[in-house]
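What follows is a short report on a single structure.
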Amino acid sequence: MTFIARAFRRLAFLAPLSALAVPHAAAQPSAVATAPASGAVALHDPIALQTGDETPWIYEGSDVPRDPEWLFGKMKNGLRYAVRRNGVPPDQVSIRVRIDAGSLHESDKERGYAHLLEHMLFRESKYLGPAQAIPTWQRLGATFGSDTNAETTPTHTVYKLDLPNIDAAKLDESMKLLSGMVRAPVLSDANVRAEVPIVLAEMRERGGAAQRSGDATRKTLFAGQRLATRSPIGTLETLSAARGRSVSNFYKRWYRPENTVIVAVGDMDPQILAAEIEKWFGEWKGSGKAVAAPDFGDPVAPVGADPANPVGETSVTVESDLPRSFTYAVLRPWRPVQDTIAYNQGLLRDSLAQQLINRRLEARARGGGSYLYAQVQQDDVSRSTDATFVSFAPIGEDWRGALTDVRAVIADALATPPSEEELAREIAEFEQVFVSSVEERAVLAGGRLADDIVQAVDIREAVAAPETVLTVFRGMKDTITPEQILDHTRALFDGAVIRASYTTPASGEADAAALRAALSAPVEPDASARVTTSEISFADQPAIGEPGEVASAQPIGVLDIERVDFANGVKTILWSNDAEPGRVAVKVRFGGGYRAVGPEDAVYARLGQMALVGSGVGELGQDELDRISTGRKMGFDFGIDEGGFTFFAQTRAEDLADQLYLFAAKLAMPRWDPNPVLRAKAAARLAYESYATSPAGVLGRDLDSLIRDGDPRYATPDLAALEAATPEGFRAFWEPILAQGPIEVLVFGDFERDAAVEALAKSFGALEPRSALSPDVTARIPGFPEAGETEVLYHRGDANQAAAVIAWPSGGGVTDLRESRQLEILVQVFNNRLLDAMRERAGASYAPNVRSEWPNDIDGGGRISALAQLQPKDVPIFFEEADRIARDLSTAPPSADELERVTEPLRQYISRASTGNLFWLFQLEGGTQDPRRIALLRSLLNDFSRTTPQAMQALAQKYFGGREGWRLAVIPEGQALASRPKGR
């Protein structure tokens, strides 16, 4: 095993592999990350840290052991903070600013203001001019939308910033800019007028049948509480009436230091992080007198409800294009808790109770039940209710039968304790999760740790180190009894009121009274869904074959990564390293991917993505696969790429051999259980009609095929194709597919090399030699449609919703891979210009997007596409702006600043990503079939982050110059495609 720390991988990557690389701050060891890039930053020692015997604010009233890696502070102005050193990824600091104000804090006339204010802080502030926040953060290396983002929920607003390539000076500048956004936004009428259309565009894109159904469900389940009518997006009326003064009033009421928590986690001395927070936020004072949060309300049963079964409000929503879905909830008042060890032990018992029921519900669905899925989940919702939700999807019109079946499984859990064996199985599953958390603690990303604090603050609870969680669980697991779980199950289904909401495509199928009657009716417990618990061992499974011989083993010339080939033709790439303790990533590529799918087989390709794994391995069906992996860290993801099929899993060293066995056994001895196929057909049928509910749904249904010149292999199967599909046809298609084409196995992570080679020899090395792909399969390349008149599709959603796509063909394969990387820079420049044109200047689209798709595993089929959701009248504006940008890029080079805003985030992204195993795995995937991929690693960083304006213009001339794009518009049924308004 090699010992290459994550922070030094980039040095190994940049220095020996790229002769063109120059020293860059991101390439320095994390030990010097706190040194300022230029000049010293004046900082005083933090004075608000809670040290010694002082109880940190987050642990007040709790006996949960402190996580010593966190430092907490509380300033005189009431602002609280948490800081921590973390080197994942190296040289990054993640900052979260949480304001304790969301949509529940709005008055009736302010609905949507919390979310609007989130936008306004990025619009203009003390240190940032109009619309300068995004480009400024880009110049600092932060990618808009991932490194720089925000969220508004019913209870809070959180501003998120992940800063790469950090040093003291850059941190100081970033904290300054962030403090200006939070403390002194410019809330003028002009800025409100500029931002409201963008928020309305976001509202429009979220709207439609699904939004209406969600609103109706929320109104019913939380009847009488503020949550019922407080969606963070707001309303058209309140947003249209917003002015600088009204938004400023909301800001002054809630944006105060005592309502603020700042979290900073990163590759820097936490004392410096604390000092920066105190420097830029210590003098902040609220405006006026502090205001208490409004009463969010409690769930209350209606007068006359049966105390034994307090069924209250119910509703039915008819949406002709949505599949059936049913949710009922047992609601209790939410109250703050003392976050003690005993309280957390109770939560763990609650979770065990839920998992036992969910496993039984899933077993019933797998066996051909009346519902497609069903799930029970307890949740503390927006500090408004402690609720147990039951949700399911009836397969047909008989929602009463599905409800009865689900309630019968739950009734059994309420009547009879689980068996000792069932309980032991769930305890083993929980323990594996907690053990993995401890093993992987060293590689938890700083952003994830910061988000954990934000979540804990939101629900008014403390935080615990993974070791504490494991210790608490192990200390209690032997005391957990079936009778305890029965008690906790009963508590989960005991509440003040029961409410239900049903969405159906069929008018007259149900009404509120029918729902109340069905929920009020008695139900007999059904124990038939209790899951068998007999132990299954890998030791009892048949061998794949005789262990294979290693034909060759040699380093590939990158780090200590090795290629090992077996005599049967299987090729593997291995990297044993300890940079991510407890993690092993395994990916298998085999066969021909979409190339091996015939035009008539599209339905089975689609069903395979849902049912191939579930159809089983050897004698192991779905239930047996679950049981054999109990207490283990194993996975089984299946995917279809252009040039190959894939299996993927995250596992650990002690489970690696068995994980490899499962993957190899799927190829050598597949099982063909019909039930997963039938269930996949039912799911696909239910989903198909919902595609027409919105422009995004139509694009999801049709774009993949249309943009490949109507290639049926990529088409979403229609109802006729689904009806005609059979389990026999499924097997007839997939059985030969699993037996043909080359195999490549990649294993990266914390494992012993020799043990892995031995496990590979017994699994993939033991497979029979594979038949080669036929020449007609390997030669298949997707086409690209001819440009011409705009192709028009129609949706059945809201009349103000549309979508537009414009696309140009590019390429594919390894020969021009370096050019594809440069093309990504050009596409990001295009994206920034389109965002400015459609969002900032026109307010026509919330999130227009440009992307380059360049398949590496086939020699063609790539494309550059721009997409936006907008109003039907703005479709011609989108096409005009996209055409103008493509033309401008072809005729004049972009500015140096435009390129810096793109190349710096790309550089930082690659620098951070290259510290993780998955980056290397994905870059080397396919390298045994085409070794050029390995050689081209040498230029990867330069290709993505170094270019010239002239090189970008030349690329634009190649891909856009003198060439019209193919166009697609999705508009509402009954409307005609808009034309360009006269005079514009």
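Heads up: numbering here begins at 1 and tracks the sequence. Small disclaimer: the values here were computed from a predicted structure and weren't measured.
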**Message:** Set out, in order, the CA-CA distance, both residues' side-chain angles and the distance that settles side chain to side chain donor-acceptor pair (under 3.5 Å) for S436 and Q432, then state yes or no.
**Reply:** CA-CA 6 Å; S436 291; Q432 186 275 316; 2.7 Å; yes

**Message:** Apply salt bridge (Lys or Arg N to Asp or Glu O under 4.0 Å) to residues E195 and R123 and explain how you reach the verdict.
**Reply:** CA-CA 8 Å; E195 201 64 38; R123 166 63 53 184; 2.8 Å; yes

**Prompt:** Hey, mind stepping through F296 and H105 against ring-ring contact (aromatic ring centres under 6.0 Å, His included) and telling me if it holds?
**Reply:** CA-CA 9 Å; F296 296 165; H105 296 75; 5.6 Å; yes

**Request:** Could you please spell out the steps behind the side chain to side chain contact (heavy atoms under 4.5 Å, CB included) verdict for L519 and Y328?
**Result:** CA-CA 9 Å; L519 284 166; Y328 73 89; 4.0 Å; yes

**Request:** Tell me, with the steps shown, if V300 and V497 meet side chain to side chain contact (heavy atoms under 4.5 Å, CB included).
**Result:** CA-CA 6 Å; V300 178; V497 62; over 6 Å; no

**Message:** Let's go through F122 and M181 carefully: what are the C-alpha distance in whole Å and the side-chain angles of both, what is the deciding distance for side chain to side chain contact (heavy atoms under 4.5 Å, CB included) to 0.1 Å, and is it a yes or a no?
**Reply:** CA-CA 7 Å; F122 284 92; M181 292 171 59; 3.8 Å; yes

**Request:** Could you please spell out the steps behind the side chain to side chain contact (heavy atoms under 4.5 Å, CB included) verdict for N77 and F281?
**Result:** CA-CA 9 Å; N77 61 4; F281 291 89; 5.5 Å; no

**Prompt:** After noting the C-alpha distance and the side-chain angles of Q378 and D386, does the key distance pass the side chain to side chain donor-acceptor pair (under 3.5 Å) rule?
**Reply:** CA-CA 7 Å; Q378 183 278 332; D386 165 13; 2.7 Å; yes

**Request:** Take S391 and Q375, measure what side chain to side chain donor-acceptor pair (under 3.5 Å) needs, and give me the verdict at the end.
**Result:** CA-CA 6 Å; S391 57; Q375 184 178 41; 4.9 Å; no

**Prompt:** Is there a side chain to side chain donor-acceptor pair (under 3.5 Å) between E110 and S107 once you walk through the steps?
**Reply:** CA-CA 5 Å; E110 294 174 331; S107 69; 3.3 Å; yes

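Using a 3.5 Å distance cut-off with no hydrogens or angles, the side chains of T220 and T217 do not pair a donor with an acceptor. No side-chain donor-acceptor contact under 3.5 Å links D63 and T340. In this structure, a donor-acceptor pair under 3.5 Å is present between the side chains of E461 and Y343. For the residue pair S213 and T317, no side-chain donor N or O sits within less than 3.5 Å of a side-chain acceptor on the partner. There is a side-chain donor-acceptor pair under 3.5 Å between R349 and Q484.
If you look at W137 and F144, their ring centroids are not closer than 6.0 Å.
Using a 4.0 Å cut-off between charged side-chain N and carboxylate O, D100 and R460 make a salt bridge. Using a 4.0 Å cut-off between charged side-chain N and carboxylate O, R218 and D215 make a salt bridge. Salt bridge absent: R80 and E258 never bring a charged side-chain N and a carboxylate O closer than 4.0 Å. Between D452 and R448, at least one side-chain N (NZ, or NE/NH1/NH2) sits under 4.0 Å from a carboxylate O, which counts as a salt bridge. Salt bridge E69/R85: absent, no basic N to carboxylate O contact under 4.0 Å. Here E319 does not pair with R324 in a salt bridge; the nearest charged N to carboxylate O distance is not below 4.0 Å. For the pair R359 and E426, the salt-bridge criterion is met [side-chain N within less than 4.0 Å of a carboxylate O]. Using a cut-off of 4.0 Å between Lys/Arg side-chain N and Asp/Glu carboxylate O, D108 and R230 are scored as salt-bridged. Salt bridge R332/D380: absent, no basic N to carboxylate O contact under 4.0 Å. Between D451 and R98 there is no salt bridge, since none of the side-chain N atoms of the basic residue sits less than 4.0 Å from a carboxylate O of the acidic one. Using a cutoff of 4.0 Å between basic side-chain nitrogens and carboxylate oxygens, D295 and R226 are not scored as salt-bridged.
When all heavy atoms of G208 and D798 are compared, the closest pair comes out as N-OD2, 3.3 Å. What you find for L117 and Y255 is that their closest heavy atoms are CD2-CE1, 3.2 Å. Scanning both residues, P310 and A301, for their nearest heavy atoms gives CB-CB, 4.4 Å. When all heavy atoms of L221 and L331 are compared, the pair lying nearest together is O-CD2, 3.5 Å. Listed here is the closest heavy atom pair of P299 and A496: O-CB, 3.8 Å. Closest approach of A413 and I357 over heavy atoms only: CB-CG1, 3.7 Å.
The local environment of NZ in K279 is crowded, with over 12 non-hydrogen atoms from other residues, nucleotides or ligands closer than 6.0 Å. In the displayed structure, E283 atom CD is contacted under 6.0 Å by at most 12 heavy atoms of other residues, nucleotides or ligands.
Between L423 and I427, some side-chain heavy-atom pair lies under the 4.5 Å cut-off. Side-chain contact between H156 and E151 is present, with heavy atoms from C-beta onward closer than 4.5 Å. Between Y59 and V463, some side-chain heavy-atom pair lies under the 4.5 Å cut-off. You'll find the side chain of Q345 reaches within 4.5 Å of the side chain of V472, heavy atoms only. In this structure the side chain of L227 reaches within 4.5 angstrom of the side chain of V381, judged on heavy atoms. Proximity of V247 to L116: side-chain heavy atoms (C-beta onward) are separated by under 4.5 Å at one or more points. Between E431 and V435, the closest side-chain pair of non-hydrogen atoms falls below 4.5 Å. Side-chain contact between I410 and T489 is absent, with no heavy-atom pair separated by less than 4.5 Å.
Without hydrogens or angle criteria, E278 side chain to A48 main chain gives a donor-acceptor distance under 3.5 Å. Under a 3.5 Å cut-off, the side chain of S246 and the backbone N or O of A242 do not form any donor-acceptor pair. Within the 3.5 Å criterion, the main-chain N or O of D339 finds a donor-acceptor partner in the side chain of S62. Proximity of a side-chain donor or acceptor of R407 to a complementary backbone N or O of A518 within less than 3.5 Å is detected. Checking side-chain atoms of E313 against main-chain N and O of R499 turns up no donor-acceptor pair under 3.5 Å. Checking side-chain atoms of D494 against main-chain N and O of R490 turns up no donor-acceptor pair under 3.5 Å. In terms of modelled atom types and a separation under 3.5 Å, the side chain of Y251 and the main chain of R183 share a donor-acceptor contact. Looking at S240, its side chain never comes within 3.5 Å of a backbone N or O of E237 through a donor-acceptor pair. Under the 3.5 Å distance criterion, the side-chain polar atoms of Y159 are left unmatched by any main-chain donor or acceptor of L121. Checking side-chain atoms of D162 against main-chain N and O of Q92 turns up no donor-acceptor pair under 3.5 Å.
Note that OG of S437 and CG of L444 are 7.5 Å apart. Values are rounded to the nearest 0.5 Å. Here R204 contributes atom CZ and I233 contributes atom CD1; the two are 11.0 Å apart, rounded to the nearest 0.5 Å.
Note: F473 and F430 have parallel aromatic rings, judged against thresholds of 30 and 60 degrees for the angle between ring planes. Relative ring orientation between H119 and Y846 is described as tilted, the plane-to-plane angle lying within the 30° to 60° band.
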